[in-house]
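Since the structure comes first, as structure tokens, the remarks are kept for the end.
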Amino acid sequence: MMSITAIKGFNDLLPSESGLWQFIEQTARQVFARYGFNEIRVPIVEKTELFCRSIGDTTDIVEKEMYTFTDKGGSSLTLRPEGTASVMRALIEHKLYALDSVNKLYYMGPMFRHERPQKGRYRQFHQIGAEVTGASDPLIDAQVLLMVSRLFQELGLAEPSLQINSLGCPACRPAYREALVAFLAERQGSLCEDCRRRQGTNPLRALDCKVPGCVEATQGAPAMVEHLCPDCNDHFAAVQGYLVSAEVPFSLNPRMVRGLDYYTRTTFELVTGLLGSQSAVAAGGRYDGLVEQLGGPAVPGIGFALGVERVALLLGDRSFERVPDLFIAVMGDAARTAGFRLMETDCEGKSLKSQMRRADKLKARYSIVLGDTELAAGSGALKRMEDGRQQTVALIAEGIAGAITGG
RNA sequence: GUGGCCAUGGUGAAGCGGUUAACACUUACGACUGUGACUCGUACAUACGAGGGUUCGAUCCCCUCUGGCCACCCCA
């Protein structure tokens, strides 16, 4: 009989890897807490409409990648493809914006996109994200960017480099869009099918199309950064100024286009060359119109998310196994029934040799044999596994702890 | 959605028409019924992803299916 396997693109995280993940999550929590972020936990399933309205109907995510189904009550529900929409929904639903003018929230958990799996890309993948709402000053943009780069620093990763761009705002983007469409119209013939199709819906996509013909055709295309309105221009200049003064390295990528419609002004990606075509390790940007668009007040926002699988890939085979300080080998019923209350001990009546082998395999720093003689004497031989040296210690927690920490 | 590569035990893999399906690692137990690492011994695939076909005979050849990986697309 065929055994049941996991769904394609849905992976188990085995004990050999969970230590690495815990390190990533814990590092993120620490960094986020330092900058005043609190965790929010939102559901994994939302009404489909939430994502259509936030991410955008013409994006690839909404068009073809969502896990959407109808529940028994007839509502259309969707497994969340990203986290920002849910967090904003919660912000509005619980009126968090009224509790405090600025909200700093972070989240972590699985996201779902029905794509063909490959290295660094899965159907259930995990993101760690942070969002700031209620702050529009460029200093907050810079702080979010700085926080992301600090996070990667603390993870021990130098590789992903920061690229930034500005996508303008409703005041300046339409004019730019027109200029771009006009430019592209002249080069219709050399554009790929997708780019031609997207001209009416999302012409900016042509800028990061990888088809050689498109790359060439868009060489001299107008850049958004050169068409920013004065406000956006000042904002973007200020963000860059703050980054320079905070010594956060970055580069300008005027061709960077994000896959979600809600982005305005500052957008950014942390890219690496080490993951093949999955170059984006983290990405985000400002989304000043989103909360209002979802039925909330006109609250500005900025945030980002990182892909945990991709970060884990970059961190590679680093070992995060935890080794026990002490292993207790038990001999005889009295010791066995005393030992099982304290910690991991043998419950299957294995030989002392077998237990010692286990102590070695677990890389325990110390071991001690607990048997009838030790119980009678109230003391035993504590063995340092590294070199086999033994010393007699009293069988009390303080005595053993003292011997272990004292070396 | 499109394309490429690959499917032998817990793992890495040999075998390429007739073998006890090698070897290594891992795991378990043992070599003084109270002490690990090294060493040694024993055990661990009626089975080579599934189903058909060719053949006297198929893990090895052919077909189909399924699964995995990688790339394109897109993205975290």
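Lettering follows sequence order; numbering is per chain, from 1. This is a predicted model, so every value here is computed, not measured.
Contacts of A/Gly129 with the nucleic acid, taken as non-hydrogen atoms under 4.0 Å apart, are absent. Nucleic acid contact class of A/Ala282 (heavy atoms, under 4.0 Å, all strands): sugar-phosphate only. The residue A/Glu65 sits close only to the backbone: its heavy atoms come under 4.0 Å of sugar-phosphate atoms, none of a base. As judged by a 4.0 angstrom heavy-atom cut-off over every strand, A/Arg113 is placed among the base-contacting residues. If you check every strand for non-hydrogen atoms under 4.0 Å, A/Ser351 touches sugar and phosphate atoms only. Residue contacts shown for A/Glu374 include a base, since a base heavy atom lies under 4.0 Å away. Note on A/Glu386: a base of the nucleic acid sits closer than 4.0 angstrom, heavy atoms only. Residue-level contact check: A/Ala329 touches neither bases nor backbone, having no heavy atom under 4.0 Å from any strand. Using a 4.0 Å heavy-atom cutoff across all strands shown, A/Ile61 reaches no nucleic acid atom at all.
Across all strands shown, B/C60 forms no Watson-Crick or G-U wobble pair with both distances under 3.5 Å. B/U11 is paired with B/A24 under the Watson-Crick or G-U wobble criterion, all donor-acceptor distances under 3.5 Å. Nucleotide B/U2 is matched to B/A71 when pairs are restricted to Watson-Crick or G-U wobble geometry with both distances under 3.5 angstrom. Of the nucleotides present, none pairs with B/U46 by Watson-Crick or G-U wobble criteria with both distances under 3.5 Å. Across all strands shown, the partner of B/C29 is B/G41, judged by Watson-Crick or G-U wobble contacts whose two distances both fall under 3.5 Å. Using N1 to N3 plus N6-O4 or O6-N4 for Watson-Crick, or N1-O2 and O6-N3 for G-U wobble, each under 3.5 Å, B/G17 pairs with nothing.
Nearest nucleotide to the A/Arg116 side chain, out of B/G36, B/G3, B/A28: B/G3. The side chain of A/Asp360 has B/G36 as its nearest neighbour among B/G1, B/G36, B/A76. Nearest to the side-chain atoms of A/Arg121 among the listed nucleotides B/U35, B/C74, B/C70 stands B/C74.
At the phosphate of B/G36, neither OP1 nor OP2 sits under 4.0 Å from any side-chain N or O atom of A/Lys383. Regarding contacts with the backbone of B/A37, a side-chain N or O of A/Arg357 is found under 4.0 angstrom from either OP1 or OP2. Distances shorter than 4.0 Å separate some side-chain N or O of A/Lys8 from OP1 or OP2 on B/G68. Not one side-chain nitrogen or oxygen of A/Ser367 sits closer than 4.0 Å to the OP1 or OP2 atom of B/G36. Listed pair A/Gln118 / B/A71 meets the phosphate criterion, a side-chain N or O lying under 4.0 Å from OP1 or OP2. Contact annotation: A/Ser279 does not reach the phosphate of B/C75 (side-chain N/O to OP1 or OP2, under 4.0 Å).
A 6.0 Å sphere centred on CD of A/Glu247 holds no more than 12 heavy atoms belonging to other residues, nucleotides or ligands. Residue-environment remark: CD (A/Glu178) stays at or below the threshold of 12 foreign heavy atoms within 6.0 Å.
Nucleotides B/U55 and B/C61, compared at atom C1', are 10 Å apart to the nearest Å. Taking atom P on both nucleotides, B/U19 is separated from B/G3 by 40 Å, rounded to a whole Å.
Between A/His114 and A/Tyr67, the angle of the ring planes lies from 30° to 60°, which puts this pair in the tilted group.
For the pair A/Gly284 and A/Arg258, the tightest heavy-atom approach, listed with the atom from each and the gap, is N-NH1, 3.9 Å. Looking at every heavy atom in both residues, A/Gln355 comes nearest to A/Lys350 through NE2-O, 3.1 Å.
Judged by distance alone with a 3.5 Å cut-off, a donor-acceptor contact links the side chain of A/Arg310 to the base of B/C75.
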Trace of the salt bridge (Lys or Arg N to Asp or Glu O under 4.0 Å) decision for A/Arg113 with A/Glu82: CA-CA 9 Å; A/Arg113 267 129 83 165; A/Glu82 61 110 34; over 6 Å; no

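Taking the ring centre of A/Phe340 as origin, the terminal cationic atom of A/Arg336 falls outside the region bounded by 6.0 Å and 45° from the ring axis.
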